[in-house]
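A short worksheet on the structure shown next.
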Amino acid sequence: MESTQSQSDWVEQVEMDDRKLLVDKEEKHKKITSNVFWAGFNLINSILGTGMIGLPYSMKLAGFPFGLLLLVGVAYVTDYSMIMLIEGGALSGTTTYQSLVSRTFGFPGYLILSVLQFLYPFAAMVSYNIITGDILPKIFLQIPGVTPESILAERHFAILLTTVIITLPIALYRNMEKLGKVSLVSLVLTTIVLLIIIIRTSTLTSIIPPTADAWVFVKSNAFQAVGVMSFVFMCHHACFLIYGSLEEPTVSTWSRITHASMILSLCISLQYSIFGYVSFTGFTQGDLFENYCKHDNLVTIGRFCYALTIILTYPMECFVAREVIANVFFGGTLTSSLHLVVTLMVVSLTTTISLACECLGMVLELNGILSATPLVFIIPPVCYLKLSSDHWYHRNNIMPCFILLLGVIIMPVGFVMAIMYPQECSHGVEMFYCFLQNSTFSNASRADSYIRNPSEINVT
């Protein structure tokens, strides 16, 4: 009896710490409620993260037709998973992801979830730095007097500069409340970037020929594509917070909000995927902006919008990673000195890794497979199945069992595929079509040979 009471007290403490992580100002203000519209808007913003720029790359991995079907499938599974998460909370009487797992699987489950919740934002911070290193040098090159040999055109300098001057100082703040206002700006900037991609598709498709395997239905790297897509759609850390902000939080209301938000997010994701991939087909990079020419003024505007979004998002991810460390190792509270040390440690590690790694695609794949996949495909159905009063083979549990099976297959297979068959990237290399001023590159077979050996192609 004492053991049961002790576990219950511990779960309540976990829930209290987790809610403190999500709503730091709860003690200072009354609970802020939102209507269905604003709850849906917040959920859309959580879904449409900065990984959108990697979706065309997932089409290259999976095969364009199958990739589109896969994107719809991952969106559907994510939608179902978010509803299962809230239903699990209702069944267990918990109001956070961590407390749900803690009540269902105890301290071991809490630790596993904490590791995943740390790895996801940590890897996201690495990917943001890589994108910064890709984008900023090309923006700086538009400044008169800046040459490719200039230090401003060096990716390592760009990453270190933004880290020291912008992201680290903001990340050192204890309260990220003000950064919440970035959500609306982020969504507007994401829309601007999409419009620029669509506009450029109309001009680039007449210059860049599709590669020989451009329209192959399915490719062997489809498991890696699921990782990228899972990274983009993963928003489970925000589900309970948004659900709790509703004036009348019910599972049925949450289901309607989730369906509407996911459908709109999927429409935007499909446009990123279609227009981004159609523009470059087999040449598509993990960071789509690497495909565009350095001196494209319109794309420079898009690069600036995207860079602004990720630079402001980085500190928010650091906040989550730091709080996970605080909850697991320091009882949820960090002294001023520990706050400084932990922040510097997290930022330094992510910066070091991003300086050494140039390929965004690999980071998106691994983060999606190792972190997002279990958070979306495995943990919600496992919790739901354990809490459900029906047998696991009951017809009501068919979908949770199916999603769980997918996660168990995708995670190990995708990881092995990502390690054994890494995709090449051409960081900082001006693509061959950027040199085509008055000529066309109409021979698709010669275009394919460019992938194998760019030096063999004469673009003059």
Side-chain angles (χ1 to χ4, degrees), residues 6-29 31 46 85 89 94-129 163 166-180 182 234-242 244 312-353 367 370-372 374-375 379:
S6 176
Q7 171 131 350
S8 177
D9 292 342
W10 176 79
V11 171
E12 290 177 2
Q13 179 62 37
V14 168
E15 183 168 344
M16 183 183 70
D17 291 341
D18 195 40
R19 295 183 72 176
K20 181 178 181 295
L21 162 64
L22 296 174
V23 193
D24 191 41
K25 59 180 180 178
E26 187 175 14
E27 296 180 358
K28 297 180 181 179
H29 303 281
K31 181 180 177 181
S46 297
L85 201 63
T94 55
T95 57
T96 68
Y97 201 167
Q98 284 183 313
S99 59
L100 167 62
V101 175
S102 300
R103 191 175 293 276
T104 308
F105 294 103
F107 187 67
Y110 168 74
L111 284 181
I112 292 173
L113 180 66
S114 296
V115 170
L116 294 173
Q117 287 189 319
F118 172 80
L119 288 178
Y120 182 81
F122 183 86
M125 291 164 68
V126 173
S127 67
Y128 297 161
N129 272 340
T163 298
I166 303 176
T167 55
L168 177 58
I170 298 177
L172 284 171
Y173 280 106
R174 285 182 174 270
N175 191 344
M176 294 288 108
E177 176 186 341
K178 292 183 179 180
L179 285 180
V182 173
M234 215 295 286
C235 61
H236 290 51
H237 57 289
C239 287
F240 279 107
L241 178 62
I242 297 173
L312 293 177
T313 304
Y314 180 101
M316 298 177 72
E317 301 291 355
C318 182
F319 173 76
V320 175
R322 183 179 62 224
E323 289 301 313
V324 170
I325 293 175
N327 287 337
V328 173
F329 296 103
F330 303 103
T333 304
L334 294 175
T335 63
S336 297
S337 57
L338 280 175
H339 173 84
L340 176 63
V341 170
V342 171
T343 303
L344 288 175
M345 179 188 69
V346 172
V347 172
S348 298
L349 282 175
T350 55
T351 302
T352 301
I353 295 173
N367 193 22
L370 297 179
S371 302
L375 288 170
I379 297 180

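- Legend: residues meeting ring-ring contact (aromatic ring centres under 6.0 Å, His included) with Tyr120, ordered by chain and number and at least two apart, are Phe231.
- The side chain to side chain contact (heavy atoms under 4.5 Å, CB included) search around Ile353 returns Phe122, Val126, not counting sequence neighbours.
- Distance check: Glu317 CD to Phe118 CZ gives 12.0 Å after rounding to the nearest 0.5 Å.
- Here the CG-OG1 distance, from Asn129 to Thr163, works out to 4.5 Å after rounding to the nearest 0.5 Å.
- Expressed to the nearest 0.5 Å, how far CG of Leu100 lies from CG of Leu85 amounts to 6.0 Å.
- Annotation: side chain of Val101 is in contact with side chain of Ile379 (closest heavy-atom distance under 4.5 Å).
- Between Phe330 and Val342, the shortest heavy-atom contact is CE1-CG2, 4.4 Å.
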Checklist entry - Does the side chain to side chain contact (heavy atoms under 4.5 Å, CB included) test come out yes or no for Met345 and Ile325, once each step is laid out? => result CA-CA 11 Å; Met345 179 188 69; Ile325 293 175; 3.9 Å; yes
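- Put simply, the side chain of Val115 does not reach to within 4.5 Å of the side chain of Leu111, judged on heavy atoms.
- Distance check: Ile112 CD1 to Gln117 CD gives 12.5 Å after rounding to the nearest 0.5 Å.
- Taking CG from Leu172 and NE2 from His339, the interatomic distance works out to 5.5 Å, rounded to the nearest 0.5 Å.
- For the pair Leu113 and Gln98, the tightest heavy-atom approach, listed with the atom from each and the gap, is CD2-CA, 3.5 Å.
- Across Tyr314 and Tyr128, no two heavy atoms sit closer than the pair CA-CD1, 3.8 Å.
- In this model, a donor atom of one side chain and an acceptor atom of the other lie less than 3.5 Å apart for Thr343 and Arg322.
- When the options Thr167, Ile166, Leu168 are evaluated for a side chain to side chain contact (heavy atoms under 4.5 Å, CB included) with Ile170, the one that passes is Ile166.
- The minimum heavy-atom distance between Phe240 and Tyr97, with the atom names listed, is CD1-N, 3.2 Å.
- A distance of 8.0 Å separates OG in Ser114 from CZ in Phe107, rounded to the nearest 0.5 Å.
- A donor and an acceptor atom, one from each side chain of Ser99 and Ser102, are nowhere located under 3.5 Å apart.
- Heavy atoms only, all atoms of each residue included: Cys318 and Val346 are closest at SG-CG1, 4.3 Å.
- The minimum heavy-atom distance between Ser127 and Ala124, with the atom names listed, is OG-O, 2.6 Å.
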